[in-house]
Amino acid sequence: MEKELHKDKRWVWRGLVLVIVALVLAAVMFSFRKYFHRSNSSEAKPHQVVEKYANALSIAMQFFDVQKSGKLVNNKIAWRGDSAMEDGSEVNLDLSKGMYDAGDHVKFGFPMAFTATVLSWAILEYGDHMNMVNELDNAHESLKWITDFLINAHPSEDVLYIQVGDPKLDHTCWERPEAMTGKRPVTQINASYPGTEVAAESAAAMAAASLVFKSIDSAYSGTLLTHAKQLFKFADTYRRSYSISIPEVQNFYNSTGFGDELLWAAAWLYHASGDKSYLRYVSTNGNTFANWGYPSWFSWENKLAGVQVLVSRVNFFGSKDISTEESLSLQSYRQTAETFLCGLLPESPVATSQRTADGLVWVNQWNPLQYSVASSFLAVVYSDYMLSSQTSNLYCSGKLYEPIELRNFAVSQLDYILGNNKMEMSYLVGYGSRYPQQVHHRGASIPVDADSNCTDGFKWLHTRHPNPNVAVGALVGGPSFNDTYTESRNNTSESEPTTYNSALVVGLISGLVTSSSQVESFVKN
Ligand SMILES: *[C@@H]1O[C@H](CO)[C@@H](O)[C@H](O)[C@H]1NC(C)=O
Ligand SMILES: *[C@@H]1O[C@H](CO)[C@@H](O)[C@H](O)[C@H]1NC(C)=O
Ligand SMILES: *[C@@H]1O[C@H](CO)[C@@H](O)[C@H](O)[C@H]1NC(C)=O
Ligand SMILES: *[C@@H]1O[C@H](CO)[C@@H](O)[C@H](O)[C@H]1NC(C)=O
Ligand SMILES: *[C@@H]1O[C@H](CO)[C@@H](O)[C@H](O)[C@H]1NC(C)=O
Ligand SMILES: *[C@@H]1O[C@H](CO)[C@@H](O)[C@H](O)[C@H]1NC(C)=O
């Protein structure tokens with residue numbers, strides 16, 4: 001064989017030249033790939049998976065497993081086990097499921113419900129993408145872990161358990177969830193001590209999840225929808241902030257208003273039920289709650305930007321048989337959504353200045369990455385609505401932008417988060433070769449075989465050693481405004497992950513893991 005190859009050196013030469021030409025061509029095409037994509041983005045290779053995002057998605061999805069409370073099923077995290085099995089028993093309820101909020105072990109209903117709403121939304125928009133990379137079943141399973149909890153937490157129409165564990169008590173301990181022995185009191189809202197935002201967020205979560213499970217388990221989906229309708233009525237009938245009814249919550253997940261959650265819940269109920277009365281609620285209460293023209297950051301405490309994009313969906317795809325007055329209101333939602341999105345585009349005349357020198361959207365030092373991932377998720381979703389409806393441009397103060405530019409913004413944020421930053425640090429734990437080693441997370445920071453107790457466990461918080469267990473998939477708070485990150489386990493604003501960060505980043509990565517989906521109406525006319 002070897003001899004024969006040597007026999008004709010000219011062919012070897014020609015082969016070499018051809019290879020070089022091919023390489024040069026490939027390099028040229030690679031550097032222009034953006035333009036190739038742009039010119040035929042809808043027809044070309046609709047199902048090409050971006051491998052690094054597929055990898056990131058499978059990692060991000062695992063943080064839900066890290067956070068699960070109760071009796072674990074098919075546990076995939078070697079250092080996790082059953083915990084909090086008695087939660088709810090003092091009121092004869094099984095509140096053992098659900099997820100720990102962050103690095104501690106309180107189950108806070110308000111952000112947990114938001115996690116479920118966002119995860120549902122991600123599945124509804126991008127379930128096909130998740131399925132292509134074998135993550136859809138994991139997403140369903142994690143969502144159900146929360147909705148099972150929410151169903152049990154809502155034992156009668158006007159009672160909802162909104163918290164398990166006392167944060168003050170919980171924070172006097174540093175221990176593994178499996179080792180908890182302290183009391184875990186439950187907190188409820190009811191007709192005398194209502195909590196509109198938490199009831200409405202739980203309604204939104206259950207309505208959105210009912211849509212997710214509709215074709216998988218129609219009985220379960222129906223149960224969720226019934227709870228969602230009751231909770232919305234409870235929220236709307238007894239309008240008072242849970243921060244007023246139960247002032248202790250102000251120190252953790254304080255609410256700054258409930259109008260956004262009412263609109264958000266009604267919008268999800270419309271999508272889930274097709275019942276026009278919910279759409280009417282959204283349009284008639286817009287003037288009161290929607291703050292037209294003034295965009296705000298999408299987060300666990302403010303859902304307005306999310307509502308605006310979600311209601312734009314109706315404007316884009318499902319506005320048959322609705323009155324002119326309603327159409328006008330829906331148009332106002334869409335306009336405010338667009339004002340928000342224009343602010344994200346770095347070149348736009350109305351670009352927000354709330355970003356770091358290296359381009360990361362950065363609003364404040366408390367869990368900064370939540371704003372970047374939440375905005376980017378909305379940008380991808382909206383860009384796909386534009387593509388599907390053949391809306392070619394977004395108008396930003398006289399300048400025109402194409403859907404790809406919203407998508408490029410989202411890509412820039414995700415790539416920064418995955419390591420394209422001056423620290424060369426991935427803020428998604430477990431992804432890449434360099435990621436935070438001192439994540440503020442009790443379970444991850446304590447060796448499985450440690451026999452420390454509630455109080456002397458704090459030595460694991462204060463050690464400068466890397467965590468013995470990887471909190472795989474955790475999206476930590478993130479860098480400071482100057483794009484730097486300091487390893488410090490007790491700096492909660494930088495090194496603590498949250499479950500809602502995970503829902504948001506899972507949504508974002510799912511949107512980007514392959515080219516755009518064709519969007520259809522959730523409501524079948
Ligand atoms: C209603 O909720 C408040 C606040 O959590 C609680 O103090 C009160 O006991 C509850 N009412 C009943 C009847 O359980
Ligand atoms: C909670 O939010 C309310 C409304 O914005 C505010 O008045 C209150 O001071 C906040 N509480 C804390 C502890 O920050
Ligand atoms: C925890 O362990 C420390 C050190 O071993 C011990 O001094 C302390 O009494 C223990 N605390 C409890 C509540 O058992
Ligand atoms: C945590 O880190 C941020 C950013 O580096 C810094 O601004 C803040 O002061 C730190 N907080 C504490 C309590 O050390
Ligand atoms: C960036 O911010 C951190 C925390 O606020 C600070 O410790 C560090 O010195 C700053 N670095 C630069 C280059 O300004
Ligand atoms: C973190 O711990 C170090 C040393 O234990 C301490 O100096 C620092 O003040 C702590 N920071 C916070 C935010 O607790």
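In each ligand, atom 1 is the first atom listed, and ligand 1 is the first ligand listed.
Legend: residues meeting ring-ring contact (aromatic ring centres under 6.0 Å, His included) with Tyr100, ordered by chain and number and at least two apart, are His105.
Of the residues listed (Trp264, Trp268, Trp300), the one engaging Glu201 in a side-chain hydrogen bond (donor to acceptor under 3.5 Å, both in side chains) is Trp264, and it is the only one.
No N or O atom of Ser493 sits closer than 3.5 Å to an N or O atom of ligand 4.
Near ligand 2, residues Gln250, Asn254, Ser255, Thr256 each place a heavy atom inside the 4.0 Å sphere around the ligand atoms.
Enclosure of atom NZ in Lys71 is not indicated, since only 12 or fewer non-hydrogen atoms of other residues, nucleotides or ligands lie within 6.0 angstrom.
Proximity to Gln365 (heavy-atom distance under 4.0 Å) selects the following atoms of ligand 4: 8 (C). With ligand atoms numbered from 1 in the order given, ligand 4 contributes 4 (C), 5 (O) to contacts under 4.0 Å with heavy atoms of Ser480.
Donor-acceptor pairing under 3.5 Å is recorded for the side chains of Asn482 and Thr484. Side chains of Trp460 and Ser452: a donor-acceptor N/O pair is present below 3.5 angstrom, by distance only. A donor-acceptor contact closer than 3.5 angstrom is absent between the side chains of Ser69 and Lys97.
No cation-pi contact links Lys303 to Phe298, judged by a cut-off of 6.0 Å to the six-membered ring centre and 45° from its axis.
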